[in-house]
**Student:** 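Please see the structure below; I have some questions.
Naming: A, B, ... by sequence-line order, numbering from 1 per chain. Since the model is a prediction, treat every value here as computed from it, not as a measurement.
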Amino acid sequence: MNVRLRYAPSPTGHLHIGGARTALFNYLFAKHAGGTFILRIEDTDIERNVDRAAEEFAANLRWLGISWDEGAFVGGDYGPYVCTKRLDIYKEYVEKLLAQGLAYRCYCSAEELQQERETQLQTGSMVQYSGSCSHLTEEQRRAFEDEGRTPVIRFRVPSHTVSFNDMIRGTLSFESSSVGGDFVIVKSNGIPAYNFACTVDDHLMQISHVIRGEEHISNTPRQLYIYEAFGWEPPIFGHVSLILGEDGKKLSKRDESIVQFIEQYREMGYLPDALFNFLALLGWSPGGKEEILTKQQLIESFEFDRVSKSGAFFDSVRLAWMNGHYLKEMSAEDLSVLVEPYIRSYVEGKEWFTKEWLIEFTSLFKDKITCLSEIPAIGLMFLVDQVAPDEEAKSSLSLPHVADLLQVFIEQARVVDEWTPDGMKALVKAVQTASNVKGKDLFMPLRAAITGQLHGPDLNRSLVLLGKERVIKRAQTTLAQFIHIE
RNA sequence: GGCCCCAUGGUCAAGCGGUUAAGACACCGCCCUUUCACGGCGGGAACAGGGGUUCGAGUCCCCUUGGGGUCACCA
């Protein structure tokens with residue numbers, strides 16, 4: 001069997017972490033089996049379609065490291081890969097169903113159906129379409145048409161039970177009565193509804209495995225009936241558990257406790273490999289003890305027997321840890337390229353800003369952060385000309401020996417030729433000798449005076465990065481503004 | 001409410017009849033360190049409950065409880 005999987009988002013919004021994970025599982029399985037991964041755009045809800053959304057999906061998928069062999073934007077032998085460009089195809093299959101009496105036109109209005117549902121809900125009975133239009137005579141039909149009603153087309157649901165073997169959950173079976181009656185396959189605007197388009201497309205595109213979210217379990221029996229009506233072999237289904245929000249419920253796009261869109265992670269400076277790794281491990285486990293895995297390793301070990309049946313809470317703290325890990329593993333040089341946009345507004349036009357400076361700056365902070373957008377805040381002391389000491393730093397500067405210490409430091413700094421790590425070591429040593437201050441009493445006030453904080457990267461490297469001019473200037477400013485000599 | 005799915009620490013999870021019930025994140029402690037981090041070492045912490053089956057059950061079956069999904073001319 002040719003292994004062919006597809007991810008079929010509807011272009012109604014941004015790429016969501018849940019959607020990305022579904023795409024990822026499809027991708028991993030396809031690649032693992034040496035098969036084909038396909039991107040299809042399910043745009044049958046023309047009201048909700050968002051301009052450029054499909055392009056955005058594609059861009060974010062690519063950024064994440066998920067590429068498709070066939071489908072929208074890349075083409076292939078089973079196209080078109082966009083539903084609204086396949087209308088003629090659907091029409092042909094609807095006609096077949098209509099001709100065989102397997103589908104029929106329904107003239108019930110939205111209001112009438114709504115009414116029906118409410119009554120059913122009140123009486124506690126099952127909510128389902130009554131089938132009132134299922135056996136209309138030609139006359140009745142004409143009468144409805146004359147009233148100006150535009151029909152939908154409904155699929156006549158057979159009365160037998162359907163079942164299928166889910167890759168993740170085993171055998172699932174459904175009574176015919178539980179699918180809610182004859183369902184709509186073509187909407188009154190002439191466009192097919194999801195269950196129909198999806199089934200026709202999956203069959204025509206020869207999809208072998210359908211991996212999708214658990215919320216689609218209840219759609220599966222409907223689709224199975226359609227496969228059956230056409231005499232088609234259904235694909236193998238696998239329903240992945242949901243990603244849960246803090247409240248333990250399916251992540252709602254309106255839930256603000258969790259950052260939900262891939263685009264946002266990208267903007268925050270998460271690395272695609274980290275997100276890829278994290279998402280792959282959300283609801284699946286390779287079994288071993290290793291958690292940091294490359295795309296290649298993930299592809300090699302991906303199997304459905306370890307896909308979890310229960311929902312998984314999206315733990316952003318864990319994602320932050322993982323991203324931090326990937327950040328540490330990157331070289332400062334490579335990472336500096338990604339860091340630059342985050343500090344551009346500070347460093348633009350500064351004479352001290354060079355490629356070497358950027359790399360050193362990156363190397364000073366890359367082990368301390370969780371994502372790149374934290375960089376400007378944590379590295380601010382190096383990005384601005386002047387710094388004011390924070391409360392902790394002020395108290396360190398208030399020690400009685402600090403005025404003399406800074407005087408000595410400035411004098412010694414002025415005569416340093418080699419503004420290098422070794423030079424800084426020598427400088428601090430010289431200050432120690434000349435001032436007769438050592439240890440914390442020496443380092444802390446210096447750090448406070450130069451960086452405005454008591455915490456930060458290695459002092460010598462910090463001095464080098466700031467450069468002679470800024471260091472002396474800051475020491476002078478601190479001396480003048482924040483040291484009060486009694 | 002009907003139908004369906006799920007159930008191991010706070011979180012992600014290993015386990016597929018016999019284990020002292022892995023590992024990771026988070027948390028706590030210690031070490032490293034002129035600071036903050038990083039790193040290293042160590043610690044607390046789980047099989048929802050009840051019945052079976054079996055010599056033996058986290059693992060298999062049933063019930064209860066709890067959570068979730070879905071009931072559209074949305075996907």
**Student:** Please tell me which of the listed nucleotides, B:A13, B:A7, B:A24, lies nearest to the side chain of A:Ser310?
**Tutor:** B:A7
**Student:** Polar-atom pairs under 3.5 Å, protein N or O versus N or O of nucleotides 65-74 of chain B: list them with distances, or write none.
**Tutor:**
unit_1, atom_1, unit_2, atom_2, d
B:G69, OP1, A:Lys250, N, 3.3
B:U70, OP1, A:Lys250, NZ, 2.7
B:U70, O2', A:Ser218, OG, 3.2
B:A72, OP2, A:Arg117, NE, 3.4
B:C73, O2, A:Ser188, N, 2.7
B:C73, O2, A:Ser188, OG, 2.6
B:C73, N3, A:Ser188, OG, 3.1
B:C73, N4, A:Cys108, O, 3.3
B:C74, OP2, A:Lys187, NZ, 3.0
B:C74, O2', A:Asp45, OD2, 3.0
B:C74, O2', A:Arg48, NH2, 3.1

**Student:** How long is the line joining CZ of A:Arg461 and P of B:A37, in whole Å?
**Tutor:** 18 Å
**Student:** Would you say CG of A:Asp305 has more than 12 non-hydrogen atoms from neighbouring residues, nucleotides or ligands within 6.0 angstrom?
**Tutor:** yes
**Student:** Determine the contact category for A:Leu172: base if any of its heavy atoms lies under 4.0 Å from a base atom, sugar-phosphate if only primed atoms, P, OP1 or OP2 are that close, otherwise nothing.
**Tutor:** sugar-phosphate
**Student:** For A:Asn277 and B:A13, what is the distance between atoms CG and P respectively, to the nearest whole Å?
**Tutor:** 14 Å
**Student:** Quote, to the nearest angstrom, the P distance that separates B:C55 from B:G10.
**Tutor:** 35 Å
**Student:** Where each residue is assigned the nucleotide of RNA chain B containing its nearest heavy atom, which of A:Asn460 and A:Asp305 is assigned the position nearer the 5′ end?
**Tutor:** A:Asp305
**Student:** When the P atoms of B:U8 and B:G67 are considered, how many whole Å apart are they?
**Tutor:** 15 Å
**Student:** Expressed as a whole number of angstroms, how long is the span from A:Leu224:CG to B:C3:P?
**Tutor:** 20 Å
**Student:** In whole Å, what separates the P atom of B:C32 from that of B:C16?
**Tutor:** 42 Å
**Student:** Would A:Glu56 and A:Leu15 count as a side chain to side chain contact (heavy atoms under 4.5 Å, CB included) if you check the C-alpha gap in whole Å, the side-chain angles of each, and the deciding distance to 0.1 Å?
**Tutor:** CA-CA 8 Å; A:Glu56 207 190 292; A:Leu15 180 60; over 6 Å; no
**Student:** What nucleotide among B:C6, B:C25, B:C36 has an atom nearest to a side-chain atom of A:Val317?
**Tutor:** B:C25
**Student:** When both hydrogen-bonding distances must be under 3.5 Å and the geometry is Watson-Crick or G-U wobble, what is B:G1 paired with, if anything?
**Tutor:** B:C71
**Student:** Under 4.0 Å between any heavy atoms, over every strand shown, what does A:Ile217 touch: base, sugar-phosphate, or nothing? Just pick one.
**Tutor:** sugar-phosphate
**Student:** Who is the Watson-Crick or G-U wobble partner of B:C47, with both distances under 3.5 Å?
**Tutor:** none
**Student:** Take the protein atom CZ of A:Phe313 and the nucleotide atom P of B:U8, then report the distance between them rounded to whole Å.
**Tutor:** 15 Å
**Student:** Between A:His32 (side chain only) and A:Ile299 (backbone N and O only), is there a donor and an acceptor less than 3.5 Å apart?
**Tutor:** yes
**Student:** For A:Leu459 and for A:Glu175, find the nucleotide of RNA chain B with the closest heavy atom, then tell me which residue's nucleotide is more 5'.
**Tutor:** A:Glu175
**Student:** Any non-hydrogen side-chain atom of A:Asn323 less than 4.5 Å from a side-chain atom of A:Leu327?
**Tutor:** yes
**Student:** When rounded to the nearest Å, what value does the distance between P atoms of B:C27 and B:C61 take?
**Tutor:** 39 Å
**Student:** Considering only side-chain heavy atoms of A:Ser178, which listed nucleotide, B:C3, B:G39, B:A13, is closest?
**Tutor:** B:C3
**Student:** B:C38 P sits how many Å from A:Tyr326 OH, rounded?
**Tutor:** 19 Å
**Student:** Can you tell me how far C1' in B:A45 sits from the matching atom in B:G50, rounded to whole Å?
**Tutor:** 25 Å
**Student:** Can you tell me how far C1' in B:G23 sits from the matching atom in B:G9, rounded to whole Å?
**Tutor:** 13 Å
**Student:** Does NZ or CZ of A:Arg40 fall inside the cone over A:Tyr7's six-membered ring, less than 6.0 Å from its centre and within 45° of the axis?
**Tutor:** no
**Student:** Partner lookup for B:G39, please. Criteria are Watson-Crick or G-U wobble with both distances under 3.5 angstrom; report none if nothing qualifies.
**Tutor:** B:C31
**Student:** Side-chain N or O of A:Arg306 versus OP1/OP2 of B:G15: is the shortest distance under 4.0 Å?
**Tutor:** yes
**Student:** Contact class for A:Ile369 vs. all strands (heavy atom < 4.0 Å): base, sugar-phosphate, or nothing?
**Tutor:** nothing
**Student:** Which part of the nucleic acid, if any, lies within contact of A:Asn195, taking any heavy atom under 4.0 Å across all strands shown: a base, the sugar-phosphate backbone alone, or nothing?
**Tutor:** nothing
**Student:** From CG of A:Leu454 over to C1' of B:U33, roughly how many Å is that when rounded to an integer?
**Tutor:** 15 Å
**Student:** Watson-Crick or G-U wobble partner for B:U54, using a 3.5 Å limit on both distances?
**Tutor:** none
**Student:** Just checking A:Lys438: base, sugar-phosphate only, or nothing, at a heavy-atom cut-off of under 4.0 Å?
**Tutor:** nothing
**Student:** Check whether NZ of the Lys or CZ of the Arg A:Arg105 lies under 6.0 Å from the centre of the six-membered ring of A:Tyr107 and within 45 degrees of that ring's axis.
**Tutor:** no
**Student:** Answer with base, sugar-phosphate or nothing: what part of the nucleic acid does A:Glu42 contact at a heavy-atom distance below 4.0 Å?
**Tutor:** sugar-phosphate
**Student:** Would you say the side chain of A:Trp68 lies within less than 4.5 Å of the side chain of A:Tyr81, judging by non-hydrogen atoms?
**Tutor:** no
**Student:** For the side chain of A:Trp321, counting heavy atoms from C-beta on, which of B:A26, B:U34, B:C4 is nearest?
**Tutor:** B:A26
**Student:** Could you check how far CG of A:Leu298 sits from P of B:C12, rounded to whole Å?
**Tutor:** 19 Å
**Student:** I'd like to know if the side chain of A:Ser285 reaches the main chain of A:Leu281, judged simply by a donor and an acceptor atom lying under 3.5 Å from each other, with no hydrogens or angles considered.
**Tutor:** no
**Student:** Distance-only, no hydrogens or angles: does the A:Glu116 side chain make a donor-acceptor pair with backbone N or O of A:Ser130 under 3.5 Å?
**Tutor:** yes
**Student:** Mind checking who B:A14 pairs with, Watson-Crick or G-U wobble, both distances under 3.5 Å?
**Tutor:** none
**Student:** Say you pick atom P in B:A26 and the same atom in B:G68; how far apart are they, in whole Å?
**Tutor:** 28 Å
**Student:** With a 4.5 Å heavy-atom cut-off, do A:Glu111 and A:Gln114 have their side chains touching?
**Tutor:** no
**Student:** Would you mind classifying the nucleic acid contact of A:Phe183 as base, sugar-phosphate or nothing, using non-hydrogen atoms under 4.0 angstrom?
**Tutor:** nothing
**Student:** For the side chain of A:Arg318, counting heavy atoms from C-beta on, which of B:G39, B:C25, B:C6 is nearest?
**Tutor:** B:C25
**Student:** Return the value, rounded to whole Å, for the distance between atom CG of A:Leu399 and atom P of B:U34.
**Tutor:** 19 Å
**Student:** How would you label the contact of A:Gly213 with the nucleic acid (heavy atoms, under 4.0 Å): base, sugar-phosphate, or nothing?
**Tutor:** nothing
**Student:** At under 4.0 Å between heavy atoms, what does A:Arg169 touch on the DNA or RNA strands: base, sugar-phosphate, or nothing?
**Tutor:** sugar-phosphate
